Amino acid sequence: MAEAGRRAGDLFLDLLQTLLRLLPWPTETGVRAVGFPDASSPVLLTGNYALTVRRVLRALEGVDAWLVVAPSAGINVWCAASGGHLGTHQVVTALKTSGVAERVHHRNVILPQLAATGVIARDVKRRCGWRARFGPVRAEDIPRYLAQDAKKSDDMRHVGFDARERSEMALAWGGPMALAAGLVLAWVHAPWALPVAGYALLAAFAAFFALDRLPAPRRTGFAALVVGVGLGATALAGGGIAALSAAGVSGGVIAALLTFDYAGSTPIEGGSHFEERRFDVTLDLERCKGVYSCWEVCPEACFEKPAPGSEDRRISIAHAERCVHCGACIVQCSLDALAFEDAAGRRIEPDAIRRFKLNLLGQRVA
Amino acid sequence: MSSLALMRWLEAAPERYDAGMRLLTLGRAARAHAFVAAAAARRDAQVLEIGCGTGALTERLVAGGAQVTAVDQNPEMLERARARLAEVGVLDRVELVERTAAESDALPAASRDAVVASFALSEMSRDERRHLLRAARRVLRPGGVLVLADEVVPPPGLWRALHCGLRAPQALLGWLLVGAVSRPLSNLPAELVEAGFRVRARQRWLLGGLEACVAVPVEGGGASGG
(Lines give C-alpha, C1' and ligand atoms only; values in the text may rest on other atoms or scores of the structure.)
Protein backbone atom coordinates (compact mmCIF):
# COMPACT_ATOMS: atom_id res chain seq x y z
CA MET A 1 0.00 0.00 0.00
CA ALA A 2 2.76 2.41 1.03
CA GLU A 3 4.68 1.31 -2.07
CA ALA A 4 1.71 2.08 -4.33
CA GLY A 5 1.33 5.46 -2.66
CA ARG A 6 4.98 6.25 -3.20
CA ARG A 7 4.77 5.29 -6.86
CA ALA A 8 1.68 7.43 -7.38
CA GLY A 9 3.47 10.34 -5.68
CA ASP A 10 6.51 9.83 -7.91
CA LEU A 11 4.34 9.73 -11.01
CA PHE A 12 2.66 12.99 -10.03
CA LEU A 13 6.03 14.66 -9.39
CA ASP A 14 7.43 13.29 -12.66
CA LEU A 15 4.54 14.80 -14.57
CA LEU A 16 4.67 18.14 -12.75
CA GLN A 17 8.41 18.47 -13.11
CA THR A 18 8.35 17.43 -16.76
CA LEU A 19 5.71 20.07 -17.45
CA LEU A 20 7.67 22.71 -15.57
CA ARG A 21 11.12 21.35 -16.28
CA LEU A 22 12.40 24.68 -17.47
CA LEU A 23 12.39 25.74 -13.81
CA PRO A 24 14.98 24.49 -11.34
CA TRP A 25 13.78 21.67 -9.05
CA PRO A 26 16.42 21.31 -6.38
CA THR A 27 16.59 18.25 -4.18
CA GLU A 28 18.75 17.30 -1.20
CA THR A 29 22.47 17.04 -1.96
CA GLY A 30 24.81 14.53 -0.32
CA VAL A 31 25.46 10.81 -0.50
CA ARG A 32 22.70 8.19 -0.79
CA ALA A 33 22.98 4.44 -0.40
CA VAL A 34 21.44 2.53 -3.31
CA GLY A 35 20.66 -1.08 -2.41
CA PHE A 36 23.19 -2.46 0.08
CA PRO A 37 26.52 -0.86 -0.82
CA ASP A 38 29.80 -1.55 0.98
CA ALA A 39 33.30 -0.03 0.99
CA SER A 40 34.11 -1.38 -2.47
CA SER A 41 30.82 -0.46 -4.17
CA PRO A 42 30.93 1.94 -7.12
CA VAL A 43 30.41 5.66 -6.52
CA LEU A 44 28.19 7.49 -9.00
CA LEU A 45 27.55 11.21 -9.13
CA THR A 46 24.71 13.31 -10.52
CA GLY A 47 23.24 16.82 -10.13
CA ASN A 48 20.54 17.77 -7.62
CA TYR A 49 17.71 18.06 -10.11
CA ALA A 50 14.81 16.22 -8.46
CA LEU A 51 13.56 14.53 -11.64
CA THR A 52 17.03 13.22 -12.51
CA VAL A 53 17.74 11.89 -9.03
CA ARG A 54 14.45 9.95 -8.99
CA ARG A 55 15.18 8.55 -12.45
CA VAL A 56 18.71 7.54 -11.54
CA LEU A 57 17.46 5.81 -8.39
CA ARG A 58 14.82 3.95 -10.44
CA ALA A 59 17.41 2.97 -13.06
CA LEU A 60 19.68 1.60 -10.34
CA GLU A 61 17.14 -0.83 -8.93
CA GLY A 62 18.98 -4.05 -8.14
CA VAL A 63 22.39 -2.38 -8.07
CA ASP A 64 24.44 -1.76 -4.91
CA ALA A 65 26.16 1.61 -5.18
CA TRP A 66 26.71 5.02 -3.60
CA LEU A 67 25.04 7.94 -5.31
CA VAL A 68 26.54 11.37 -4.64
CA VAL A 69 24.10 14.18 -5.40
CA ALA A 70 26.15 17.29 -6.21
CA PRO A 71 24.81 20.85 -5.94
CA SER A 72 23.80 21.85 -9.51
CA ALA A 73 21.36 24.60 -8.49
CA GLY A 74 18.46 22.21 -9.05
CA ILE A 75 19.22 22.09 -12.77
CA ASN A 76 19.61 18.97 -14.92
CA VAL A 77 23.09 17.65 -15.70
CA TRP A 78 23.37 18.79 -19.33
CA CYS A 79 22.12 22.35 -18.80
CA ALA A 80 23.92 22.76 -15.49
CA ALA A 81 27.22 21.54 -16.94
CA SER A 82 26.96 23.82 -19.98
CA GLY A 83 25.81 26.78 -17.89
CA GLY A 84 28.44 26.64 -15.15
CA HIS A 85 26.25 25.15 -12.42
CA LEU A 86 27.74 21.66 -12.49
CA GLY A 87 31.48 22.01 -12.95
CA THR A 88 34.66 20.88 -11.30
CA HIS A 89 33.86 23.10 -8.28
CA GLN A 90 30.55 21.43 -7.59
CA VAL A 91 31.95 17.92 -8.04
CA VAL A 92 34.87 18.67 -5.71
CA THR A 93 32.47 20.18 -3.16
CA ALA A 94 30.22 17.12 -3.25
CA LEU A 95 33.09 14.62 -2.99
CA LYS A 96 34.70 16.52 -0.12
CA THR A 97 31.64 17.37 1.96
CA SER A 98 29.20 14.48 1.42
CA GLY A 99 31.25 12.08 3.54
CA VAL A 100 31.43 9.52 0.70
CA ALA A 101 35.21 9.29 1.21
CA GLU A 102 34.62 7.68 4.61
CA ARG A 103 32.27 5.09 3.15
CA VAL A 104 34.47 3.57 0.46
CA HIS A 105 38.11 2.53 0.34
CA HIS A 106 38.60 3.41 -3.33
CA ARG A 107 38.66 6.85 -4.99
CA ASN A 108 36.88 6.28 -8.29
CA VAL A 109 33.80 8.25 -9.21
CA ILE A 110 31.61 7.79 -12.27
CA LEU A 111 30.16 11.01 -13.68
CA PRO A 112 27.33 11.35 -16.20
CA GLN A 113 28.90 11.80 -19.64
CA LEU A 114 26.80 14.89 -20.30
CA ALA A 115 28.63 16.63 -17.43
CA ALA A 116 31.76 16.66 -19.62
CA THR A 117 31.05 20.19 -20.86
CA GLY A 118 31.51 21.47 -17.32
CA VAL A 119 33.59 19.09 -15.24
CA ILE A 120 37.32 18.82 -15.99
CA ALA A 121 37.96 15.23 -14.96
CA ARG A 122 41.72 15.57 -14.45
CA ASP A 123 41.23 18.63 -12.20
CA VAL A 124 38.94 16.64 -9.91
CA LYS A 125 41.82 14.23 -9.31
CA ARG A 126 44.30 17.06 -8.69
CA ARG A 127 42.02 18.94 -6.32
CA CYS A 128 40.54 16.18 -4.19
CA GLY A 129 42.22 12.91 -5.15
CA TRP A 130 39.23 11.24 -6.81
CA ARG A 131 39.69 9.68 -10.23
CA ALA A 132 36.70 10.80 -12.26
CA ARG A 133 35.57 9.10 -15.41
CA PHE A 134 32.56 9.66 -17.60
CA GLY A 135 29.96 6.92 -17.54
CA PRO A 136 27.00 6.49 -19.87
CA VAL A 137 24.82 9.35 -21.12
CA ARG A 138 21.62 7.71 -19.89
CA ALA A 139 20.98 6.52 -16.34
CA GLU A 140 19.19 3.41 -17.73
CA ASP A 141 22.52 2.19 -19.12
CA ILE A 142 24.37 2.35 -15.78
CA PRO A 143 23.59 -1.24 -14.63
CA ARG A 144 24.84 -2.64 -17.97
CA TYR A 145 27.89 -0.34 -17.81
CA LEU A 146 28.76 -1.55 -14.31
CA ALA A 147 28.15 -5.18 -15.29
CA GLN A 148 30.69 -4.91 -18.12
CA ASP A 149 33.41 -3.57 -15.80
CA ALA A 150 32.80 0.13 -16.36
CA LYS A 151 33.34 -0.18 -20.11
CA LYS A 152 31.18 1.96 -22.34
CA SER A 153 29.80 0.61 -25.56
CA ASP A 154 29.17 3.09 -28.38
CA ASP A 155 25.43 3.22 -27.82
CA MET A 156 26.00 4.39 -24.21
CA ARG A 157 28.08 7.30 -25.46
CA HIS A 158 25.69 8.74 -28.01
CA VAL A 159 22.67 10.94 -27.62
CA GLY A 160 19.56 10.12 -29.57
CA PHE A 161 16.26 11.93 -29.71
CA ASP A 162 13.58 9.28 -29.61
CA ALA A 163 9.82 9.73 -29.49
CA ARG A 164 9.73 9.68 -25.69
CA GLU A 165 12.37 12.38 -25.40
CA ARG A 166 10.69 14.47 -28.06
CA SER A 167 7.37 14.20 -26.24
CA GLU A 168 8.97 15.23 -22.97
CA MET A 169 10.49 18.34 -24.50
CA ALA A 170 7.25 19.17 -26.32
CA LEU A 171 5.42 18.92 -23.00
CA ALA A 172 8.05 21.03 -21.25
CA TRP A 173 7.87 23.86 -23.79
CA GLY A 174 4.28 23.47 -24.98
CA GLY A 175 2.68 22.71 -21.60
CA PRO A 176 3.31 26.07 -19.90
CA MET A 177 2.56 27.80 -23.20
CA ALA A 178 -0.81 26.04 -23.51
CA LEU A 179 -1.56 26.84 -19.89
CA ALA A 180 -0.75 30.52 -20.37
CA ALA A 181 -2.76 30.75 -23.62
CA GLY A 182 -5.67 28.93 -21.94
CA LEU A 183 -5.66 31.25 -18.93
CA VAL A 184 -5.56 34.41 -21.04
CA LEU A 185 -8.45 33.15 -23.14
CA ALA A 186 -10.46 32.00 -20.13
CA TRP A 187 -10.37 35.62 -19.08
CA VAL A 188 -10.97 37.18 -22.52
CA HIS A 189 -13.24 34.66 -24.21
CA ALA A 190 -13.84 31.54 -22.13
CA PRO A 191 -15.27 29.09 -24.72
CA TRP A 192 -12.04 29.32 -26.71
CA ALA A 193 -9.73 28.57 -23.80
CA LEU A 194 -9.66 24.80 -24.16
CA PRO A 195 -9.43 24.54 -27.98
CA VAL A 196 -6.61 27.09 -28.19
CA ALA A 197 -4.68 25.51 -25.30
CA GLY A 198 -5.06 22.11 -26.96
CA TYR A 199 -3.94 23.56 -30.27
CA ALA A 200 -0.87 25.13 -28.67
CA LEU A 201 0.09 21.78 -27.18
CA LEU A 202 -0.48 20.02 -30.49
CA ALA A 203 1.67 22.61 -32.27
CA ALA A 204 4.48 22.10 -29.75
CA PHE A 205 4.41 18.34 -30.35
CA ALA A 206 4.42 18.92 -34.09
CA ALA A 207 7.38 21.26 -33.70
CA PHE A 208 9.44 18.78 -31.70
CA PHE A 209 8.70 15.91 -34.04
CA ALA A 210 9.36 17.98 -37.17
CA LEU A 211 12.15 20.28 -36.02
CA ASP A 212 15.15 18.40 -37.40
CA ARG A 213 13.26 17.12 -40.42
CA LEU A 214 12.57 20.63 -41.67
CA PRO A 215 15.28 23.00 -42.87
CA ALA A 216 15.15 26.49 -41.31
CA PRO A 217 13.28 28.34 -44.13
CA ARG A 218 10.62 25.66 -44.23
CA ARG A 219 10.27 25.90 -40.48
CA THR A 220 9.17 29.52 -40.87
CA GLY A 221 6.64 28.39 -43.48
CA PHE A 222 5.46 25.69 -41.11
CA ALA A 223 5.02 28.28 -38.34
CA ALA A 224 3.01 30.53 -40.68
CA LEU A 225 0.86 27.53 -41.61
CA VAL A 226 0.16 26.81 -37.94
CA VAL A 227 -0.91 30.41 -37.32
CA GLY A 228 -3.02 30.41 -40.51
CA VAL A 229 -4.79 27.17 -39.63
CA GLY A 230 -5.47 28.44 -36.11
CA LEU A 231 -6.96 31.71 -37.36
CA GLY A 232 -8.88 29.99 -40.13
CA ALA A 233 -10.37 27.42 -37.80
CA THR A 234 -11.38 30.16 -35.38
CA ALA A 235 -13.08 32.17 -38.12
CA LEU A 236 -14.84 29.12 -39.61
CA ALA A 237 -16.12 28.11 -36.21
CA GLY A 238 -17.70 31.54 -35.92
CA GLY A 239 -15.28 33.22 -33.53
CA GLY A 240 -15.76 36.96 -33.20
CA ILE A 241 -13.11 39.68 -33.07
CA ALA A 242 -12.13 38.78 -29.49
CA ALA A 243 -11.59 35.12 -30.34
CA LEU A 244 -9.75 35.97 -33.54
CA SER A 245 -7.35 38.37 -31.84
CA ALA A 246 -6.79 35.91 -29.03
CA ALA A 247 -6.13 33.15 -31.56
CA GLY A 248 -3.82 35.55 -33.41
CA VAL A 249 -1.82 36.31 -30.31
CA SER A 250 -1.56 32.67 -29.25
CA GLY A 251 -0.77 31.78 -32.85
CA GLY A 252 2.10 34.24 -32.77
CA VAL A 253 3.39 32.69 -29.58
CA ILE A 254 3.13 29.23 -31.10
CA ALA A 255 4.96 30.44 -34.19
CA ALA A 256 7.70 31.77 -31.96
CA LEU A 257 7.81 28.36 -30.29
CA LEU A 258 8.20 26.66 -33.63
CA THR A 259 11.07 28.78 -34.82
CA PHE A 260 12.77 29.08 -31.45
CA ASP A 261 16.24 27.67 -31.05
CA TYR A 262 15.97 25.07 -28.31
CA ALA A 263 19.60 25.23 -27.35
CA GLY A 264 20.21 22.37 -25.00
CA SER A 265 16.63 21.10 -25.16
CA THR A 266 17.40 18.93 -28.14
CA PRO A 267 20.53 17.21 -29.32
CA ILE A 268 19.89 18.53 -32.81
CA GLU A 269 21.10 21.70 -34.41
CA GLY A 270 18.70 24.60 -34.09
CA GLY A 271 18.66 28.06 -35.64
CA SER A 272 21.18 30.80 -35.33
CA HIS A 273 20.20 32.95 -32.33
CA PHE A 274 23.17 31.66 -30.46
CA GLU A 275 26.63 33.12 -30.93
CA GLU A 276 28.53 29.93 -30.27
CA ARG A 277 26.82 28.23 -33.20
CA ARG A 278 28.88 30.30 -35.60
CA PHE A 279 32.01 28.65 -34.27
CA ASP A 280 33.26 25.23 -35.27
CA VAL A 281 35.53 22.87 -33.42
CA THR A 282 39.00 22.90 -34.96
CA LEU A 283 41.71 20.34 -34.42
CA ASP A 284 45.40 21.21 -34.19
CA LEU A 285 47.00 18.00 -35.45
CA GLU A 286 50.41 19.14 -34.21
CA ARG A 287 49.18 18.84 -30.66
CA CYS A 288 47.07 15.66 -30.91
CA LYS A 289 48.75 12.61 -29.41
CA GLY A 290 45.83 10.22 -29.65
CA VAL A 291 44.51 10.39 -26.09
CA TYR A 292 40.91 10.21 -27.41
CA SER A 293 39.23 11.96 -24.49
CA CYS A 294 37.32 13.97 -27.14
CA TRP A 295 36.05 10.75 -28.70
CA GLU A 296 35.12 9.46 -25.26
CA VAL A 297 32.86 12.40 -24.36
CA CYS A 298 31.40 13.47 -27.72
CA PRO A 299 27.65 12.81 -27.53
CA GLU A 300 27.26 13.02 -31.30
CA ALA A 301 30.05 10.70 -32.50
CA CYS A 302 31.77 13.46 -34.46
CA PHE A 303 35.24 12.01 -33.92
CA GLU A 304 36.76 8.94 -35.52
CA LYS A 305 39.74 7.00 -34.22
CA PRO A 306 42.34 5.82 -36.77
CA ALA A 307 41.93 2.31 -38.10
CA PRO A 308 43.52 -0.41 -35.92
CA GLY A 309 47.12 -0.92 -36.85
CA SER A 310 47.43 2.49 -38.41
CA GLU A 311 50.66 4.29 -37.68
CA ASP A 312 49.06 7.70 -37.31
CA ARG A 313 47.38 7.60 -33.89
CA ARG A 314 45.74 11.02 -34.21
CA ILE A 315 42.00 11.58 -34.07
CA SER A 316 39.97 13.08 -36.91
CA ILE A 317 36.78 15.10 -36.94
CA ALA A 318 34.95 12.86 -39.36
CA HIS A 319 31.42 14.15 -38.82
CA ALA A 320 31.60 17.88 -38.12
CA GLU A 321 28.05 18.23 -39.43
CA ARG A 322 26.70 16.44 -36.35
CA CYS A 323 28.40 18.82 -33.88
CA VAL A 324 26.08 20.61 -31.43
CA HIS A 325 28.83 22.90 -30.12
CA CYS A 326 28.67 21.65 -26.56
CA GLY A 327 32.45 22.01 -26.25
CA ALA A 328 32.91 18.86 -24.14
CA CYS A 329 35.78 17.70 -26.37
CA ILE A 330 37.61 21.02 -25.98
CA VAL A 331 37.12 21.07 -22.21
CA GLN A 332 38.50 17.55 -21.75
CA CYS A 333 41.50 17.67 -24.12
CA SER A 334 44.55 17.80 -21.87
CA LEU A 335 46.78 18.87 -24.79
CA ASP A 336 44.65 21.85 -25.84
CA ALA A 337 44.50 20.45 -29.36
CA LEU A 338 40.90 21.59 -29.86
CA ALA A 339 39.28 25.05 -29.88
CA PHE A 340 36.33 26.92 -31.35
CA GLU A 341 37.01 28.95 -34.47
CA ASP A 342 34.66 30.83 -36.79
CA ALA A 343 34.87 31.51 -40.51
CA ALA A 344 36.62 34.84 -39.89
CA GLY A 345 39.37 33.10 -37.95
CA ARG A 346 38.26 34.32 -34.49
CA ARG A 347 39.11 31.73 -31.85
CA ILE A 348 37.71 30.86 -28.43
CA GLU A 349 40.60 29.27 -26.58
CA PRO A 350 40.14 26.14 -24.44
CA ASP A 351 40.78 28.02 -21.20
CA ALA A 352 37.98 30.51 -21.88
CA ILE A 353 35.67 27.58 -22.58
CA ARG A 354 36.68 25.87 -19.34
CA ARG A 355 36.36 28.96 -17.16
CA PHE A 356 33.40 30.75 -18.64
CA LYS A 357 30.40 28.63 -19.33
CA LEU A 358 27.71 29.17 -21.89
CA ASN A 359 24.99 31.50 -20.73
CA LEU A 360 21.37 31.26 -21.80
CA LEU A 361 22.15 33.50 -24.74
CA GLY A 362 24.83 31.17 -26.00
CA GLN A 363 27.65 33.55 -25.11
CA ARG A 364 30.72 32.98 -23.01
CA VAL A 365 31.03 35.78 -20.55
CA ALA A 366 34.56 36.93 -20.04
CA MET B 1 11.11 37.52 -28.00
CA SER B 2 9.93 37.38 -24.42
CA SER B 3 11.85 34.26 -23.44
CA LEU B 4 15.02 35.81 -24.82
CA ALA B 5 14.38 38.95 -22.78
CA LEU B 6 13.93 36.86 -19.63
CA MET B 7 17.15 35.00 -20.36
CA ARG B 8 19.00 38.27 -20.86
CA TRP B 9 17.68 39.44 -17.50
CA LEU B 10 18.66 36.25 -15.69
CA GLU B 11 22.10 36.27 -17.23
CA ALA B 12 22.84 39.77 -16.01
CA ALA B 13 22.53 38.60 -12.37
CA PRO B 14 26.14 39.38 -11.32
CA GLU B 15 25.76 42.93 -12.66
CA ARG B 16 22.66 43.44 -10.55
CA TYR B 17 23.97 41.60 -7.53
CA ASP B 18 24.85 44.57 -5.32
CA ALA B 19 21.77 46.62 -6.11
CA GLY B 20 19.61 43.49 -5.75
CA MET B 21 21.04 42.66 -2.34
CA ARG B 22 20.50 46.26 -1.17
CA LEU B 23 16.88 46.04 -2.23
CA LEU B 24 16.28 42.55 -0.83
CA THR B 25 17.75 43.40 2.57
CA LEU B 26 16.38 46.96 2.59
CA GLY B 27 19.92 48.21 2.94
CA ARG B 28 20.64 46.04 5.99
CA ALA B 29 23.29 43.98 4.14
CA ALA B 30 25.58 47.00 4.47
CA ARG B 31 25.02 47.13 8.24
CA ALA B 32 25.71 43.42 8.53
CA HIS B 33 28.91 43.92 6.54
CA ALA B 34 29.91 46.80 8.81
CA PHE B 35 29.34 44.54 11.84
CA VAL B 36 31.47 41.75 10.33
CA ALA B 37 34.29 44.09 9.33
CA ALA B 38 34.33 45.71 12.80
CA ALA B 39 34.61 42.30 14.45
CA ALA B 40 37.13 40.73 12.07
CA ALA B 41 39.38 43.44 10.71
CA ARG B 42 42.24 45.10 12.51
CA ARG B 43 45.63 46.26 11.34
CA ASP B 44 47.40 43.51 9.38
CA ALA B 45 44.99 40.79 10.51
CA GLN B 46 45.04 37.81 8.15
CA VAL B 47 41.44 37.21 7.13
CA LEU B 48 39.95 34.38 5.08
CA GLU B 49 36.72 35.39 3.38
CA ILE B 50 34.48 32.62 2.07
CA GLY B 51 32.24 33.49 -0.89
CA CYS B 52 33.38 37.07 -1.46
CA GLY B 53 30.95 37.65 -4.35
CA THR B 54 31.40 41.14 -5.77
CA GLY B 55 33.74 42.14 -2.93
CA ALA B 56 31.46 44.43 -0.91
CA LEU B 57 32.60 42.96 2.42
CA THR B 58 36.17 42.50 1.17
CA GLU B 59 36.45 46.22 0.60
CA ARG B 60 35.35 46.94 4.19
CA LEU B 61 37.75 44.36 5.61
CA VAL B 62 40.67 45.96 3.78
CA ALA B 63 39.54 49.42 4.90
CA GLY B 64 39.76 48.05 8.45
CA GLY B 65 43.41 47.21 7.88
CA ALA B 66 43.13 43.48 7.11
CA GLN B 67 45.03 41.39 4.58
CA VAL B 68 42.36 39.26 2.90
CA THR B 69 42.29 35.93 1.09
CA ALA B 70 38.93 36.15 -0.68
CA VAL B 71 37.58 32.89 -2.07
CA ASP B 72 34.68 32.44 -4.49
CA GLN B 73 33.85 29.72 -7.00
CA ASN B 74 32.17 32.05 -9.48
CA PRO B 75 34.73 33.53 -11.91
CA GLU B 76 32.34 36.31 -12.97
CA MET B 77 31.83 37.46 -9.38
CA LEU B 78 35.60 37.40 -8.87
CA GLU B 79 36.09 39.60 -11.93
CA ARG B 80 33.65 42.10 -10.43
CA ALA B 81 35.42 41.98 -7.07
CA ARG B 82 38.75 42.51 -8.81
CA ALA B 83 37.43 45.58 -10.64
CA ARG B 84 35.92 47.02 -7.43
CA LEU B 85 39.09 46.54 -5.38
CA ALA B 86 41.28 47.88 -8.17
CA GLU B 87 39.11 50.97 -8.35
CA VAL B 88 39.72 51.80 -4.69
CA GLY B 89 43.39 50.85 -5.11
CA VAL B 90 43.59 48.05 -2.56
CA LEU B 91 44.12 45.05 -4.81
CA ASP B 92 47.57 44.54 -3.27
CA ARG B 93 46.00 43.72 0.09
CA VAL B 94 43.70 41.05 -1.31
CA GLU B 95 44.33 37.65 -2.81
CA LEU B 96 41.35 36.64 -4.95
CA VAL B 97 41.11 32.88 -5.45
CA GLU B 98 38.71 30.86 -7.59
CA ARG B 99 38.11 27.92 -5.29
CA THR B 100 35.29 26.18 -3.45
CA ALA B 101 34.59 26.76 0.24
CA ALA B 102 35.06 23.01 0.69
CA GLU B 103 38.75 23.33 -0.19
CA SER B 104 39.39 25.60 2.79
CA ASP B 105 40.46 22.42 4.59
CA ALA B 106 43.64 22.44 2.53
CA LEU B 107 44.84 25.76 4.01
CA PRO B 108 47.59 25.61 6.65
CA ALA B 109 46.33 25.11 10.21
CA ALA B 110 46.38 28.15 12.52
CA SER B 111 47.09 30.53 9.65
CA ARG B 112 44.27 33.12 9.96
CA ASP B 113 43.15 35.68 12.55
CA ALA B 114 39.60 35.62 11.28
CA VAL B 115 37.36 33.63 8.96
CA VAL B 116 34.33 35.52 7.63
CA ALA B 117 31.39 34.73 5.36
CA SER B 118 28.40 36.82 4.39
CA PHE B 119 25.36 35.36 2.63
CA ALA B 120 27.41 32.28 1.76
CA LEU B 121 26.30 29.68 4.30
CA SER B 122 22.64 29.95 3.32
CA GLU B 123 23.58 28.87 -0.19
CA MET B 124 25.27 25.72 1.13
CA SER B 125 23.89 22.36 2.16
CA ARG B 126 24.14 21.13 5.77
CA ASP B 127 27.07 18.87 4.78
CA GLU B 128 28.91 21.76 3.16
CA ARG B 129 28.43 24.00 6.20
CA ARG B 130 29.61 21.29 8.59
CA HIS B 131 32.73 20.76 6.50
CA LEU B 132 33.42 24.49 6.22
CA LEU B 133 32.92 25.25 9.92
CA ARG B 134 35.37 22.49 10.86
CA ALA B 135 37.87 23.77 8.35
CA ALA B 136 37.42 27.30 9.73
CA ARG B 137 38.12 26.12 13.25
CA ARG B 138 41.28 24.46 12.03
CA VAL B 139 42.71 27.46 10.17
CA LEU B 140 42.04 29.94 13.00
CA ARG B 141 44.96 30.99 15.17
CA PRO B 142 44.53 31.01 18.94
CA GLY B 143 42.39 34.06 19.71
CA GLY B 144 40.96 34.05 16.18
CA VAL B 145 37.29 34.70 15.41
CA LEU B 146 34.68 33.38 13.02
CA VAL B 147 32.30 36.13 11.91
CA LEU B 148 29.19 35.34 9.91
CA ALA B 149 26.32 37.34 8.44
CA ASP B 150 23.44 35.53 6.82
CA GLU B 151 19.75 34.99 6.38
CA VAL B 152 18.28 33.11 9.32
CA VAL B 153 14.85 31.83 10.33
CA PRO B 154 13.63 34.21 13.08
CA PRO B 155 12.86 32.83 16.56
CA PRO B 156 9.38 31.31 16.96
CA GLY B 157 6.46 33.68 17.34
CA LEU B 158 4.88 36.51 15.48
CA TRP B 159 8.06 37.51 13.64
CA ARG B 160 8.64 34.01 12.32
CA ALA B 161 5.07 33.81 11.04
CA LEU B 162 5.48 37.17 9.34
CA HIS B 163 8.87 36.16 7.97
CA CYS B 164 7.51 32.89 6.54
CA GLY B 165 4.71 34.81 4.85
CA LEU B 166 7.18 37.20 3.27
CA ARG B 167 9.77 34.58 2.45
CA ALA B 168 8.20 32.92 -0.61
CA PRO B 169 7.82 36.09 -2.70
CA GLN B 170 11.18 37.26 -1.40
CA ALA B 171 12.85 34.01 -2.45
CA LEU B 172 11.39 34.34 -5.94
CA LEU B 173 12.50 37.96 -6.06
CA GLY B 174 15.93 36.89 -4.85
CA TRP B 175 16.22 34.36 -7.63
CA LEU B 176 15.11 36.86 -10.27
CA LEU B 177 17.19 39.74 -8.93
CA VAL B 178 20.47 38.16 -8.00
CA GLY B 179 20.13 34.58 -9.23
CA ALA B 180 20.71 33.20 -5.74
CA VAL B 181 19.01 30.08 -4.45
CA SER B 182 19.33 30.36 -0.69
CA ARG B 183 17.66 28.86 2.35
CA PRO B 184 17.65 30.81 5.61
CA LEU B 185 19.64 29.05 8.31
CA SER B 186 17.33 27.47 10.84
CA ASN B 187 19.77 26.60 13.60
CA LEU B 188 23.07 28.37 13.18
CA PRO B 189 24.01 28.39 16.91
CA ALA B 190 23.63 24.59 17.13
CA GLU B 191 25.75 24.12 14.01
CA LEU B 192 28.41 26.39 15.48
CA VAL B 193 28.44 24.47 18.76
CA GLU B 194 28.66 21.16 16.91
CA ALA B 195 31.72 22.44 15.04
CA GLY B 196 33.39 23.53 18.28
CA PHE B 197 32.51 27.23 18.48
CA ARG B 198 30.90 29.45 21.10
CA VAL B 199 28.85 32.49 20.04
CA ARG B 200 30.29 35.61 21.67
CA ALA B 201 28.13 38.33 20.13
CA ARG B 202 25.23 38.60 17.74
CA GLN B 203 22.99 41.16 16.14
CA ARG B 204 19.77 40.87 14.15
CA TRP B 205 17.94 42.95 11.59
CA LEU B 206 14.83 42.62 9.39
CA LEU B 207 12.43 41.08 11.92
CA GLY B 208 15.20 38.77 13.00
CA GLY B 209 15.62 37.39 9.45
CA LEU B 210 19.17 38.67 9.06
CA GLU B 211 21.79 37.85 11.64
CA ALA B 212 25.46 38.56 12.15
CA CYS B 213 27.44 36.78 14.84
CA VAL B 214 30.93 36.47 16.23
CA ALA B 215 31.99 32.97 17.29
CA VAL B 216 35.19 31.78 18.94
CA PRO B 217 36.62 28.26 19.09
CA VAL B 218 35.96 26.40 22.31
CA GLU B 219 39.06 24.91 23.90
CA GLY B 220 39.05 21.21 23.03
CA GLY B 221 35.53 21.48 21.58
CA GLY B 222 34.11 20.17 18.32
CA ALA B 223 33.59 16.55 17.40
CA SER B 224 36.65 16.49 15.18
CA GLY B 225 37.57 20.12 15.42
CA GLY B 226 41.34 19.69 15.48
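Here is the naming used below: chain letters follow the sequence lines, and residue numbers restart at 1 for every chain. Everything quoted here is computed from the prediction, not taken from an experiment.
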Next on the checklist: Tell me whether the count of non-hydrogen atoms from other residues, nucleotides or ligands lying under 6.0 Å of CD in B/Glu87 goes above 12.
Outcome noted: no
Checklist entry - Nearest 0.5 Å, what's the OG1-CG distance between A/Thr93 and B/Asp127? => result 11.5 Å
Checklist entry - Would A/Gln90 and B/Thr100 count as a side chain to side chain contact (heavy atoms under 4.5 Å, CB included) if you check the C-alpha gap in whole Å, the side-chain angles of each, and the deciding distance to 0.1 Å? => result CA-CA 8 Å; A/Gln90 288 75 14; B/Thr100 64; over 6 Å; no
Checklist entry - Taking the side chain as C-beta and beyond, is there a heavy-atom pair between B/Glu128 and A/Pro71 under 4.5 Å? => result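 SC-SC contact between B/Glu128 and A/Pro71 confirmed.
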Next on the checklist: Once rounded to the nearest 0.5 Å, what's the spacing between atom CZ of A/Arg355 and atom CD of B/Glu79?
Outcome noted: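 Result: 6.0 Å between the selected atoms.
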Item to check | Salt bridge flag under 4.0 Å for residues A/Lys96 and B/Glu103 | outcome: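 Answer for the salt bridge query: no.
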Item to check | Evaluation steps, side-chain hydrogen bond (donor to acceptor under 3.5 Å, both in side chains), between B/Glu98 and A/His89 | outcome: CA-CA 9 Å; B/Glu98 184 183 332; A/His89 292 324; 2.9 Å; yes
Checklist entry - OG1/A/Thr97 to CZ/B/Arg130 distance, rounded to the nearest 0.5 angstrom? => result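 These two atoms lie 9.5 Å from each other.
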